[in-house]
Chemist: 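Got a structure for you, questions after.
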Amino acid sequence: MMDADNRPFAIRHYSPAQLREALKRMYLIRRFEEGAEDSYTRGMIHGTMHLSIGQEASAMATCMELTDDDKITSNHRGHGHCIAKGADVGRMFAEFFGKETGYCHGRGGSMHIADVKTGNLGANGIVGGGLPIAVGAALSAKRLGKSDVTVCFFGDGANNEGAFHESLNIASVWKLPVIFVCENNGYGMSTSTARSTAVPHIAQRAAAYAMPGTTVDGNDFSAVSEALHIAIARARAGDGPSLVENLTYRWRGHSKSDRNRYRTKEEIEAWMAKDPIARFRAELIAHGVLDEAGADAIASQAVADVQKGIEFAKASAAPDLSEVTRYVYAEAAL
Amino acid sequence: MMDADNRPFAIRHYSPAQLREALKRMYLIRRFEEGAEDSYTRGMIHGTMHLSIGQEASAMATCMELTDDDKITSNHRGHGHCIAKGADVGRMFAEFFGKETGYCHGRGGSMHIADVKTGNLGANGIVGGGLPIAVGAALSAKRLGKSDVTVCFFGDGANNEGAFHESLNIASVWKLPVIFVCENNGYGMSTSTARSTAVPHIAQRAAAYAMPGTTVDGNDFSAVSEALHIAIARARAGDGPSLVENLTYRWRGHSKSDRNRYRTKEEIEAWMAKDPIARFRAELIAHGVLDEAGADAIASQAVADVQKGIEFAKASAAPDLSEVTRYVYAEAAL
Amino acid sequence: MNVQSNPVTASDTNARVLSYAEAIREAMAIAMQADPTVILMGEDIGVYGGAFQVTLDLIDRFGPERVMDTPISELGGAGVAVGAALTGLKPIFEFQFSDFAMLAMEQIVNQAAKLRYMLGGEAAVPVVFRMPSGSGTGAAAQHSQSIEAWFGHVPGLKVLQPSTPEDAKGMLLAALADPDPVMIFEHKLLYKTKGHVPEGSYLTPIGKALVRRTGSDLTIVAGSIMLHRALEAAEKLATDGINVEVIDLRSIRPIDRDTILTSVRKTGKLLVVYEGVKAYGVGAEISAMVAESDAFDYLDAPILRLGAADAPVPYNPDLERASVPQVDTIEAAARRLVRREV
Amino acid sequence: MNVQSNPVTASDTNARVLSYAEAIREAMAIAMQADPTVILMGEDIGVYGGAFQVTLDLIDRFGPERVMDTPISELGGAGVAVGAALTGLKPIFEFQFSDFAMLAMEQIVNQAAKLRYMLGGEAAVPVVFRMPSGSGTGAAAQHSQSIEAWFGHVPGLKVLQPSTPEDAKGMLLAALADPDPVMIFEHKLLYKTKGHVPEGSYLTPIGKALVRRTGSDLTIVAGSIMLHRALEAAEKLATDGINVEVIDLRSIRPIDRDTILTSVRKTGKLLVVYEGVKAYGVGAEISAMVAESDAFDYLDAPILRLGAADAPVPYNPDLERASVPQVDTIEAAARRLVRREV
Ligand SMILES: Cc1ncc(C[n+]2csc(CCOP(=O)(O)OP(=O)(O)O)c2C)c(N)n1
Ligand SMILES: Cc1ncc(C[n+]2csc(CCOP(=O)(O)OP(=O)(O)O)c2C)c(N)n1
Ligand SMILES: [Mg+2]
Ligand SMILES: [Mg+2]
């Protein structure tokens with residue numbers, strides 16, 4: 001067989017329209033989080049939030065082949081996953097602003113953002129909380145005879161939770177269509193993987209569950225999308241789960257209260273030089289998927305979408321104070 | 001170096017007196033459990049119990065090099081561990097009979113049998129419950145500058161608990177002097193390892209924690225003692241934890257309520273033919289450590305000890321009914 | 001044991017006699033037959049039939065794809081059930097002993113109970129957790145607890161406690177019909193007790209207590225096995241002319257305020273009996289609920305509670321019995337209350 | 001915030017002003033200095049200084065061998081602390097948020113609380129669990145819970161709840177001096193509040209409530225942040241001539257029965273205020289304890305409780321505030337009670 005196409009997997013595999021849409025959503029993630037950060041500073045957002053700036057390729061490339069029927073479970077650093085899976089930034093801002101039009105009607109906030117219609121079963125405030133839930137979603141697909149897969153996003157820190165072990169083991173024993181995507185950004189809060197995790201790479205733990213484990217450059221869109229392509233195909237074929245580890249980095253502190261005492265300025269700057277969006281954009285341009293002007297237009301569109309989203313959120317109504325106990329139980333059943 | 005000594009490790013490594021004592025305790029375990037089973041049938045023991053008949057080599061050989069300063073954490077199938085570590089069968093029977101002279105003053109019973117003086121921190125009713133506790137004991141030894149090691153006994157079923165994962169990871173990251181001894185008897189209650197565990201051997205999971213993992217024939221006293229010898233030396237040298245998997249089999253049902261529907265008579269009989277006590281006895285005789293008569297004397301002594309233990313237990317007083325809340329808190333502190 | 005039948009279904013006079021375990025099994029079989037999305041998960045619920053033989057032969061009838069032995073992984077297993085419930089299945093998850101649910105509190109309380117709320121009503125978690133519970137089996141401190149009060153404290157959950165085979169079946173069917181997570185505390189000592197059980201499908205209403213015995217001198221609220229002890233004590237008291245009204249609590253969350261308050265307004269005296277540790281237990285809420293209601297003005301004596309001793313459950317059988325309310329201690333407490341010796 | 005000092009230590013008039021977080025840190029430093037077996041364990045308690053900066057610079061002072069960052073493994077970490085406590089160390093284990101203790105219920109409740117008993121007094125588990133707790137930070141349902149009532153239900157544990165910097169320090173030192181497992185619920189909103197804190201080592205007695213304000217018309221029992229809200233409400237009520245006695249509960253297990261009953265016998269009215277979910281919460285036990293005591297006969301009104309709404313903690317800040325008792329709701333409840341509009 002002749003296959004002289006040496007272009008990166010993503011360029012070969014996805015249509016230009018798909019690739020442009022991916023770039024668009026990566027910009028959208030970045031601008032959304034900057035907008036959220038700014039809104040937080042202005043006192044419009046309450047609580048804390050965990051920004052994924054610097055990790056956009058991992059979120060977007062992972063979701064590249066997922067349909068709305070496929071599910072994801074996300075974690076506390078989940079804005080990117082949510083947008084990559086197809087959420088509307090207006091409803092996301094509305095949630096962050098605590099509005100009734102938000103995805104969770106103002107009850108959940110950043111740590112519980114979800115969009116069930118696009119298959120996002122929700123962020124999770126509990127590290128590792130989404131792992132068994134993802135396995136359960138995969139069990140549903142298998143039992144209901146659907147070809148849906150579930151992608152479970154979690155961090156390097158989460159890999160030391162018992163939930164990780166139990167979930168990967170069950171998924172493997174039952175051969176379920178789930179892909180465990182570890183976004184290894186080097187730290188769980190302040191604790192480096194070297195200080196928390198007995199093995200250098202999370203994917204090395206896949207062997208303990210007899211499933212494939214792959215470590216990829218999480219800032220390389222194409223590498224991530226290729227690893228997921230393989231894992232998703234395996235899952236859809238009924239061959240069971242995989243573990244994919246995306247090596248990446250968060251530019252911001254862990255949350256709004258981080259003093260960044262556990263890492264150096266140099267380290268942060270070195271990673272900022274590896275901006276996954278700039279890299280993907282350059283790759284698309286290099287392979288003729290779009291030109292500078294086209295890329296700029298996409299970037300501007302993201303800015304506009306975010307602006308519109310913030311306006312929508314601002315204009316939305318807050319929940320009625322009398323409705324504190326609404327949504328605790330199904331309405332009819334009470 | 002000339003080393004023409006091809007005898008099994010245990011024969012080479014331990015004194016005849018030590019080996020005879022080991023055989024004695026293996027008989028004691030067997031006779032103790034038969035005595036307990038009989039007492040249960042006669043209604044003198046309440047509740048349930050989990051017999052380790054068929055697993056005596058694993059318990060005894062594992063404890064061969066442990067002193068009273070070294071600790072063990074045991075599990076629900078812990079009578080053998082307790083006796084191997086040095087407990088008195090009289091106080092054990094007293095506990096099973098719910099007497100105040102029992103190791104737990106009648107409050108604990110079979111599932112909580114402990115003998116803190118000989119370093120047995122206790123059986124555990126929670127599968128996997130002893131795993132982090134063992135790591136904590138090892139942390140104490142390290143922080144207090146002692147050379148003690150802790151051996152953590154657990155089953156193949158327990159290896160799927162999150163506690164297993166978290167404990168092995170922490171022990172490895174902190175290089176603690178703990179040896180994880182998995183007694184793989186093929187089943188967690190009715191569920192075979194094949195149906196519960198993604199890998200064929202538990203020791204294969206050691207790699208996920210960057211620690212040595214060894215699988216040995218758990219009915220071969222010498223093989224077990226050698227594996228432990230290496231692991232204990234490593235722990236005492238400050239090189240961290242190890243995982244040792246002893247392949248063995250329980251002859252009896254899981255507990256008193258087991259209908260044995262999940263395994264065949266043939267399988268049970270095949271394993272009964274591999275009786276670890278008979279095998280160790282034959283090995284000792286073959287290597288001249290003792291003769292048939294000596295072995296018989298040891299076996300008879302075990303019978304006598306068990307008989308004496310039962311008498312002691314029967315003659316002991318039950319706890320005073322007014323003392324239901326005694327031992328909940330330290331007495332002085334109230 | 002023989003208690004007054006549920007009026008809702010008492011009309012079914014041809015009801016057969018089944019054990020509590022058989023009734024639960026029948027409920028599962030009916031639901032599985034009717035709804036292919038109902039699955040069972042738990043440790044050793046397949047060929048072993050469950051530690052208490054509740055699922056017995058269901059694997060033969062429905063196969064291992066619907067009667068799933070999980071690895072010994074309570075957090076993972078319960079979480080898989082939560083995830084499955086979130087996406088179209090209706091899992092019934094059996095904790096082998098309710099004590100082991102401590103390993104899964106995260107998934108039960110942080111996830112199952114809160115998902116609908118955190119997602120603003122956009123998600124539902126119709127999972128049922130079966131919780132074999134209670135002392136009296138000689139299994140000591142880690143296998144004998146009664147922790148239902150904890151879950152009563154958790155909005156988002158419903159918490160039931162059947163005392164009869166009839167209710168055990170009807171509550172499980174009601175739990176499956178409910179769109180929210182339901183926990184059912186089954187008492188281990190009740191599994192072999194027998195009672196009339198209607199055929200077919202019926203739902204025991206969630207959140208409804210039931211007056212099992214009418215009386216005018218004193219109200220006893222009790223559930224699960226304590227209901228039976230309370231009824232037995234009531235019979236003894238009746239021979240002395242003390243007429244006790246006995247209410248089967250049945251639902252810990254939500255609580256049936258009306259049934260309890262109505263009774264207290266009538267009798268003016270309340271004794272609450274429960275197996276969990278007395279302090280911060282189920283009876284604390286019932287007492288407090290009455291003490292803050294208008295029924296307070298009808299009370300002519302303190303509200304008494306009988307719960308477990310302030311200790312883990314001991315192994316020794318006599319200590320174990322002494323640690324929880326028994327017929328004689330209930331009877332004695334009721335006498336003291338009626339005589340106002342409190 | 002400024003509340004009446006603990007009489008036990010009020011003699012120390014030169015006491016400095018520290019924040020609640022500083023007071024806890026000082027207690028840890030004193031204990032670590034005095035006793036080499038005291039170690040700290042928890043997630044990000046080292047260079048990060050803890051999520052709430054309570055351990056701040058302790059790693060610089062005592063090194064990473066005594067201030068140990070654990071992996072994100074609550075069950076394992078807490079279990080390691082239990083095992084270490086069983087064998088000669090005195091660990092202070094910080095749960096980053098008390099909500100995460102749900103992952104470690106097994107080790108806290110099945111092991112730490114029960115080991116002494118299960119082993120018939122032959123073992124001790126002198127571990128301290130620090131539990132940053134409560135709502136008001138916009139962190140939503142999984143980071144804002146008040147689950148202290150659960151642990152009140154567990155014999156073998158002691159459960160404390162300091163409301164002032166002085167008590168936060170004294171309780172931590174008392175917990176370390178105690179041979180049994182102690183849980184300390186620290187309210188996140190209190191960390192930055194200030195108060196007088198005596199120098200050196202002193203022990204706040206475990207199990208003693210404290211009358212923080214004397215009054216004759218009504219007793220309010222509250223702890224932690226609710227104490228402050230209750231005191232503020234009491235001041236407002238005083239301007240209308242309503243004299244409220246305010247008791248700082250301080251210890252959830254054991255409860256100080258005497259202090260509470262003495263007050264209720266005097267005032268005849270009781271309002272219990274707590275942040276946990278109302279149903280099956282801390283206030284249920286207090287109410288029930290009073291209702292079954294001789295103080296019942298002194299009550300001239302129902303016992304009121306104010307607790308959290310029957311919902312997970314919502315994200316929206318106004319909903320969040322509305323979901324737990326505030327000064328105005330406490331004030332209103334007290335007025336209703338005094339006027340007997342209940
Ligand atoms: C069970 C639990 N433990 C601890 C926390 C606090 N916490 C939130 S995020 C986090 C770090 C998670 O690290 P990682 O999984 O690597 O994700 P990252 O933040 O790096 O994306 C911690 C400790 C939590 N939310 N839940
Ligand atoms: C957390 C927990 N889950 C389940 C049980 C019930 N149980 C007791 S022993 C056992 C099987 C354990 O299997 P394994 O670890 O292989 O030990 P074995 O019994 O084979 O010696 C089970 C399921 C328990 N005691 N604790
Ligand atoms: Mg990370
Ligand atoms: Mg086994």
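Proteins get letters first, then strands, A, B, ... in listed order; numbering begins at 1 in each.
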Chemist: Looking only at heavy atoms and a cut-off of under 4.5 Å, which of A141(D), G76(D), A311(D) has the most pairs with chain A?
Modeler: A311(D)
Chemist: So, the side chain of E95(A) versus the backbone of G108(A): is there a donor-acceptor pair under 3.5 Å, distance only?
Modeler: yes
Chemist: If you compare all heavy atoms of G129(A) against all heavy atoms of P132(A), which two are closest, and at what distance to 0.1 Å?
Modeler: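 Nearest pair, atom of G129(A) first, then P132(A): O-CD, 3.7 Å.
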Chemist: Can you see which heavy atom on Y20(D) is nearest to which on P165(D), and at what distance?
Modeler: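 Looking at all heavy atoms of both residues, the closest pair is N-CG, 3.7 Å.
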Chemist: Could you have a look at S196(A), S190(A), S322(A) and say which one has the most heavy-atom pairs with chain D under 4.5 angstrom?
Modeler: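 Result: the option with the highest number of such pairs is S190(A).
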Chemist: So which part of S73(D) gets closer than 4.5 Å to some heavy atom of chain A, the side chain, the backbone, both or neither?
Modeler: both
Chemist: Would you please name every residue forming a ring pair (Phe, Tyr, Trp, His ring centres under 6.0 Å) with F312(A), sequence neighbours left out?
Modeler: none
Chemist: Please rank T137(D), D69(D), D99(D), D318(D) by heavy-atom pairs under 4.5 Å with chain A and give me the top one.
Modeler: D69(D)
Chemist: Is there a donor-acceptor pair under 3.5 Å between the side chain of E22(D) and the backbone N or O of S19(D)?
Modeler: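 Checking the backbone N and O of S19(D) against the side chain of E22(D), a donor-acceptor pair under 3.5 Å is found.
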Chemist: Does any heavy atom of chain D fall under 4.5 Å from the side chain of D320(A), the backbone, both, or neither of them?
Modeler: backbone
Chemist: So which part of M189(A) gets closer than 4.5 Å to some heavy atom of chain D, the side chain, the backbone, both or neither?
Modeler: both
Chemist: Between L75(D) and chain A, with a heavy-atom cut-off of 4.5 Å, which part of the residue counts as in contact: side chain, backbone, both or neither?
Modeler: neither
Chemist: So which of T48(A), N124(A), N159(A) has the largest heavy-atom pair count under 4.5 angstrom toward chain D?
Modeler: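 Between T48(A), N124(A), N159(A), the count favours N124(A).
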Chemist: In terms of relative ring orientation, are F164(A) and F154(A) parallel, tilted or perpendicular, with 30° and 60° separating the classes?
Modeler: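 The arrangement is tilted - the two ring planes meet at 30° to 60°.
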Chemist: Could you tell me which portion of D258(A) (side chain, backbone, both or neither) has an atom closer than 4.5 angstrom to a non-hydrogen atom of chain D?
Modeler: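 For D258(A), backbone and side chain are both near chain D.
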Chemist: Taking side chain as everything from C-beta outward and backbone as N, CA, C, O, which of these in F100(D) sits under 4.5 Å from a heavy atom of chain A? Side chain, backbone, both or neither.
Modeler: side chain
Chemist: If the plane angle is over 60° it's perpendicular, under 30° parallel, otherwise tilted; pick one for F185(D) and F151(D).
Modeler: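 The arrangement is tilted - the two ring planes meet at 30° to 60°.
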Chemist: Heavy-atom pairs under 4.5 Å with chain A are the metric here; pick the option from Q53(D), R321(D), E320(D) that has the most.
Modeler: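 Heavy-atom pairs under 4.5 Å are most numerous for Q53(D).
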Chemist: Considering only heavy atoms, which portion of E74(D) lies under 4.5 Å from any heavy atom of chain A: side chain, backbone, both, or neither?
Modeler: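 Contact with chain A: backbone and side chain both.
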Chemist: Please work out which of the three classes, parallel, tilted or perpendicular, describes the rings of F93(A) and F32(A), given edges at 30° and 60°.
Modeler: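 The rings of F32(A) and F93(A) sit tilted, inter-plane angle from 30° to 60°.
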